[in-house]
Structures are given as C-alpha cells and as structure tokens.
Amino acid sequence: MELRPLWTIARRELREALHNKWLWFFAVGLAGLGLALSQAGLAAAGYAGLGGFGRTAASLVNALLLFVPLIGLIVGAGAVAGDRERGALLYLLAQPVSRAEVFFGKALGAALAVIAALGLGFGFAGLGLAFSGDTNATAYLSMGGSVLLLALACLGLGFVISTITRKASTASGAALITWLILVFFGDLGIVGATLSLRPTPAALLGMLLANPLQAFKLSAIYNLRSALDILGPVGQYAVYRFDAALPLILLGLLLAWIVMTFGIAFVLFNRKGDL
Amino acid sequence: MRAWSALLLAAALLVGATRPALAGFARSGTLLLVSPAGPYTTILAALQAAQEGDTIQVQPGIYPGAIVVDKSVTLEGINFPVIDGGGQGTVVTLRAPGIVFKGFGVRGSGVEPDRDHAGVTVTATQVTVENNRLQDVLFGIFVADAERAVIRGNQISSKVEYEQGRKGDAIRLWYSQDAVVEANHVHDARDIVIWYSENVKILNNTIENGRYGVHLMYCDGARIEHNTLRANSVGIYVMYSNNVLLNHNDIRGHHGSSGYALGFKDADNVLVTGNLLVDNHAGTFLDGAPYSPQGYARFEANTLAYNDIGVLLMPAVKRAEFRQNTFWENIEQMAIQGGGQGQNFWSGNYWSDYSGFDADGDGQGDMPYHAERLFENLTDREPLLQALIYSPAAQAIEMAAAAFPLFRPQPKLIDDAPEMRPMALAPTAVAQPGSPVLMVATALGFLATGVVIGLIGLGISRPRRRIAAALSQPIEET
C-alpha cells in the first residue's frame, strides 16, 4: 500500500463527501444543537449561579445521540455503493492501485469529511458556550473526542453497509434502518427485555454496551458529571465495578467498534468478483 | 407591663444565680506558663500545680500525650502547640466541669475503634473545645455523658490511611444534651454523629468528604442551621428524632446510591426551610416522616436543583408537606421508590418543567402541575430502566402516553398552585473550571480543523477548477 495513491483517493472521496449536502446539513444541525446547549447553560447560570447537569442537558446529550450516528452512517453508506453503481469503482480498480489503497483512501477521505463537519459544528457551538460563560475547555475537548469516536464507529458501520449493497439507494435505506435500530428499536427492545427478564445490572450493562451509542452516552455523562447515578443501578454498578478505568473502557469500546467495522468492511470489499 | 417586669426580674435572678457558678470554673485564677524553656516544661507538670479556675498557657512546641485534665482549668495554646499522642490511646481527656481547651494542635491518637480512641474526649459538663486543629486522630472530638458542651471552630480530620468506614467520627456526641457544635471544619473523617442527645445545635459547620455529614440518632429538639456540606456519602440524616429544625444548609455533591442531601427516617415534627440542595443523588429522602398520625414533616422554601431525584419518597410516606420550594432541573423532580402515587401535600412550588400558563397574572399557574410521566413510573417500579432515561425510546413511550390517554399513568403528585417563577435566591458564586481564553481557543481549534479539511477537500491548490470537471475525473492527479 502506497501513500500517494491512497491520499489521492482520499482527497477525491473527501471532495465528493463535501459535495454531499447532507454533511453540511449535519454540521449546521450540530452547531444549532450546541447553541441550544449553551442557551440551556445560560438559563442555568441565570438562576442564582447554580450550574449542573439537569434535564435539559440530559435531553441534549440524547439529541447528540440522534445526530452524530446519522452523519457517520449516511456518509459511510454512500462511500462504496455509489461508486459501484456508477461504475466508477470498476474504473478505479482498473488503475494501478491496490484494493487496500482504494478502500483505505476512501475510508480516510470519508473520515476527514466527517471530522470537518464535526469540527465546524463543535467549533461554532464552542464559541457559543464560551460566550455564555461555560469555560470548561477540558470537558468540551473530551466530549468532542468521544463524539468523534462515535461518528467514526458509525462511519465504519456505514462502510460495512456500503460494501454489501449494490445500489446507493439501498445503502442509504439500510443506513437509515440501522440508525433507527441503534437509536430507537434497540433501546425499546432493552425496555421490554428489562421488564420481562429482570436482568442483573451487570447483564443489562452488557446489553447496553453492545450498542456503541450507549458506550458514548455513558462516556459523555461520566465526562460531564464524573458519576453515573443518573442512570440508576446500571450506572452505579458500572462506576463501582470499573471505577477510574471506566472512561478508558468506554473509549476502548468505541475504538474497538471502529477497528472492527472498518476491518469487516475491508474484508468484504476485498472479495474478488463483487463488481 | 407587669408581666414583662416579672419576666425581667426572673431573668435577672437566673443570671445572678448562674454567674458565680461559672466564675468558679474559669475566672480569677492564676496564670501558669508552659513552654519548652519553662517555667513549666510539660503540660502535666502545670496541671499538677494548677488550682481550679487557673489558666494554663502553652507556648509553641510539641508536647507528649496522653493528657488527662481533671481540674476545672482553662488550657490555652498560643500559636497551636502540638499535643502528640504517639499513636496510643486518646490524646486529651477533659473530665472536669467547665474546662476550656483552646488553640492546640492535637494528633496521633490510637487506632482502636471499640475503645473510642480520640483526639479529645469530653466527659464532664459545660466543657468548651475551641479553635483546635485535630489531625491523624481516629475519632476527633468524643463527647460522652457531658451536658452543655461547646465544640466551636475546630478543624478536624481523621487518619488518612484508612478508608471511610474504618476512620473514626469527626465529632461524636453520646448522651450529651444541649451541646453546641459550631463553625467547625470537618473533612476526610467518618461522621458527625449525635446519639441520644436532646436540644443539640449544629450551626455554621463545613463538612466535606465524610460518610454521614450529620447523623442524628434519637435526638429530639435538634437545630441544624447554616451548615455547608460537600461530597460526603450522605448529607444530613435524621433518624428517630422529633422536633428537628433544618434551616439554610447548603448541601451539594452527594452521589452514590444513598447520596441524599437530606434524609429522614421515622421522624416527627420536622421543619425544613431555606436549604440549598444541589447536585446530589436525591435532594430529600423520606422514609417514615412524618412518623405518627399527629406529627408533621414540612418542607418550605427549599431549593432542589440538579439532583438526580429532587424528592425521593418511600411508598408509605403520607402527609409530608411541600410548600414554596423550587424544583429546578432535577432529572426526576419527584420519585416514589417502588412506584405508586403517594398521598402528600404539594402547593405553591416552582417546577422548572411546568408547561402551563398564568393568564390571570397572579403569579401562579392556572393549571395544576402533574408529575405523571409514564417512563418515570416505569423507572420508579424498575430502577434498572433509568439507564435509558431521556433516550429516544423513553421519549417515544412518553409521547405515546400523552397521545393515547389509555396509557396515561396516575400522577405521582399534583400541585394545584404551581409558582410561575423560582424563588428569589441570592446568587452563589460558582467557580467555573478552566479559562474563557482556553475555551475560545478550543472552539477555534475545532473550527480550524473543519475549515482546513474543507479547503483540502475543495481543492485549495486549484481553486478555479470546475467542480463538475473534478467529479467527472475520479483520479485526475495520479
């Protein structure tokens, strides 16, 4: 695998992704979400200087949970399937480049596009927060970091979808369904399972962490509050069991998702005769 | 008028009667000086020479313990001379009435919890322990069977090497009524715990990183006012005590499954006003308060903000009264452990999640505040589900309940006259971590990342190239 062709492909992929108006829609949405967060912070500071993690902040973390995975999934799903449908992938692979170069070039380009959208969104939101008096830069930075990991994990998932579908529209549809499962049906299933099976906190924690979104949620709340009491027995168990290692474990989980999804996508992409 | 003068006369008589008795303890004695250079070189020697009512003044230095004071004297440290117990037993024992012990550093008690090894042990009436610094002691100040003790302005911390439960109590009162515990700074010890002591006053203390901030066991008539509590396991827990007053305490940062800012177990005639309960697991926990049918538990003008749960009730709690409190952004404003509806009284509180209006402009919402979230009802019954609180799935369940009244749960509480505005509160200065410059720099860093990547992607090196052309030539650069 050589760097030059890889970078060329990455730039092309980045350019394509930047022309995807979804990406800019997400960036604007993120910035708006962040500004809403800063307004909530402002409202909080307006009451006797008391600040804290309240209902509004909890809702906004969950709003972030809706937005970020969608960016990754949509961009990822469009990365391979679209080119394959147009025949551009065939053309690319006919050039003197390896499949690995093509795949990782595309992955790099798409990742850069997602990072750009997140950077812009978080940048504007951060300015809003700074001017409304929230100056906890460390917490914000680590929040940005874990959002990035979540986005990349979902990007990987998008790539998996993209490599196994033949049409761009199918890929987009599959991405949306995956998103729905991750943000909604999975949780609904856990509600049902909890009510009927009454699992132990450890088992429920396991079920939750199978979903990268929940790993992010735990990490985000822990980052803001240094405790997970708000999540009830499961949160308390997680803190009791893993203590100071918890944030690292959660970040590790997200990283594992990234490696795993891109790995699977690469293996699928590398099959011969799929064009 | 006549009644007034009779009262005054009675008061004057009382003062006249008590003053000579007090003077006998503490005044008019001679002054004995202790310093490494003499005249007395040890506190024990000075104590042997002292008469009742004398004052022993101790210059800076390190003096060995253990010291047992059985004369009614004043012991006064100048610039905190240290009494070191050397890790054996109790360091200072005060066992004559009216002793004043002030201005010392006390350290190095023994470590046996069943022998109550303490920095200072008080076993006589009307003893004052003031402005001392106790550290590396198992228990701090242990007052046993000693009425009218005054514990004021001391700094107390326990043995650092032990975990919380193995540490001793910073202050322990045992059958010691009418004590005053005032303006002490307690940190990294176990509890301030008061057993079987009536009419105790606990005022203006700062209590940090302990287990129970203040724990009352069978203490009728206690007053707990203007204390600051931070990050203990539990804030103030009142058990089996009646006629208790809690006013204007500032309690924050109590987390964990029993992180209650205020807790009440089987207590009657409890009046709780003007407390600031912020960022705890639960602002207030009630289990058997009020306890008896004729007792009351009143909560008025308290601020409960940013707690995981504002008020947490055991299902059997009835007739607790909540008036004019501010419920601000608690994740769950009120919860009943195990589910259910509760039969308590709520009126004129401010609820940050109230969505009604005030058309007649009387400052109170025209529609009652209902706490009737279906998902909260589920989590009250099955706490494990809190893991999904505010998730889209939880919100969908909520919306379904609102849209189809069939699923609408019974309200946990109804406040008929919710306030439209939170209670006016003097702003508390909250130190923000970090600096605004750093925050702006971080934000600009994010922005710059986005912009740079965007420019690379849009082809900064060839700005005039037509985008369409670029798209039609997938790899023009190789």
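To find a chain, count down the sequence lines: A is the first, B the second, and so on, and within it residues start at 1.
Of the atoms belonging to A:L228, not a single heavy atom falls under 4.5 Å from chain B. Using a 4.5 Å cut-off between heavy atoms, B:V451 contacts chain A through both its backbone and its side chain. Both the backbone and the side chain of A:L127 come within contact range of chain B, each with at least one heavy atom under 4.5 Å from a heavy atom of that chain. Using a 4.5 Å cut-off between heavy atoms, B:I309 does not touch chain A at all. Contact of A:F124 with chain B is made through backbone and side chain together, with heavy-atom distances under 4.5 Å. The contact between A:L195 and chain B is made entirely by side chain atoms (from C-beta outward), counting heavy-atom distances below 4.5 Å. Within the 4.5 angstrom heavy-atom criterion, only side-chain atoms of B:T442, from C-beta onward, approach chain A. Residue contact with chain B, scored on non-hydrogen atoms closer than 4.5 Å, involves the backbone and the side chain of A:L120 alike. Contacts between A:L18 and chain B at a heavy-atom distance below 4.5 Å involve the side chain alone, from C-beta outward. Only the side chain of A:Q214 comes within contact range of chain B, with at least one heavy atom under 4.5 Å from a heavy atom of that chain. Using a 4.5 Å cut-off between heavy atoms, A:W7 touches chain B through its side chain atoms alone.
Across B:A394, B:G259, B:S257, the residue that shares the most heavy-atom pairs under 4.5 angstrom with chain A is B:S257.
Of all the heavy atoms in A:F184 and B:A393, the pair that sits closest is CE1-CA, 3.7 Å. In terms of heavy-atom proximity, B:A387 sits nearest to A:K217 at O-NZ, 3.2 Å. Of all heavy-atom pairs spanning B:A443 and A:G126, the tightest one is CB-C, 3.6 Å. Here the closest heavy-atom approach between residue B:P383 and residue A:P233 is recorded as O-CD, 3.2 Å. Closest approach of A:I230 to B:D308, counting heavy atoms only: N-OD2, 3.6 Å.
In this structure, A:Y140 and B:F446 have perpendicular ring planes: the angle between them is above 60°, well past the 30° mark.
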Q) Should A:L14 and B:I456 be marked as a side-chain contact (heavy atoms from CB on, under 4.5 Å) after you check the CA-CA gap, both sets of side-chain angles, and the distance that decides it? A) CA-CA 8 Å; A:L14 174 61; B:I456 291 173; 4.2 Å; yes
Q: Take B:L384 and A:R198 through the side-chain contact (heavy atoms from CB on, under 4.5 Å) test and state the conclusion after the steps.
A: CA-CA 8 Å; B:L384 279 175; A:R198 314 188 79 82; 5.9 Å; no
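Once rounded to the nearest 0.5 Å, the distance linking OG1 of B:T449 with CD1 of A:I115 reads 8.5 Å. Residue A:D187 holds its CG atom at 11.0 Å from CD of B:Q395, rounded to the nearest 0.5 Å. Here the straight-line distance linking atom CD of B:Q386 with atom OG1 of A:T194 works out to 12.0 Å at 0.5 Å rounding.
Surrounding CZ of A:R241 are at most 12 heavy atoms belonging to other residues, nucleotides or ligands under 6.0 Å away.
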